[in-house]
Amino acid sequence: MDEKKKKMIEIYNIAIDKYFNREFEEAAKLFKNVLEIEPDDYVSEIHLARCLEYIKNPPGDDWDGVFKLTSK
């Protein structure tokens, strides 16, 4: 595995920890960093979009990390 890929995985792991700790602004920044390294990382794109949504509309206190669709 090359150094670029290792760095991307390292940043992603920190970002996902921030996400599950409800630190959505910091997680969003980190997911953006991942996408700068690997623009086609679909999972980071999804998590970034969810972070941006949760920044605007924070989940309830009972949030367990699961993203719930509200429309089709």
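Positions are given from 1 along the sequence. Small disclaimer: the values here were computed from a predicted structure and weren't measured.
- To the nearest 0.5 angstrom, Glu36 atom CD is 8.5 Å from Ile11 atom CD1.
- Not counting sequence neighbours, the partners of Ile9 by the side-chain contact (heavy atoms from CB on, under 4.5 Å) test are Met1, Lys5, Asn13.
- In plain terms, the two heavy atoms of Met8 and Ile37 that are nearest each other are CB-CG2, 3.9 Å.
- Aromatic ring orientation, Phe20 versus Trp63: parallel (interplanar angle below 30°, classes split at 30° and 60°).
- Counting only heavy atoms from C-beta outward, the side chains of Cys51 and Lys29 never approach each other to under 4.5 Å.
- Checked for salt-bridge contact, Lys6 and Glu3 meet the test: a charged N lies under 4.0 Å from a carboxylate O.
- Looking at Phe24 and Glu53, their side chains never come closer than 4.5 Å, going by heavy atoms from C-beta outward.
- Here Glu45 pairs with Leu35, Tyr42 under the side-chain contact (heavy atoms from CB on, under 4.5 Å) rule; sequence neighbours left out.
- Across every non-hydrogen atom of Ala27 and Tyr19, the tightest pair is CB-N, 3.7 Å.
- Annotation for Ala28 and Leu48: closest pair O-CD1, 3.6 Å, computed over non-hydrogen atoms.
- Between atom OH of residue Tyr54 and atom NE2 of residue His47 there is a gap of 9.0 Å, rounded to the nearest 0.5 Å.
- Nearest heavy-atom pair across Ile55 and Glu25 is CD1-CG, 3.6 Å.
- Side-chain atoms of Tyr12 and Val43, non-hydrogen and from C-beta on, do get closer than 4.5 Å to each other.
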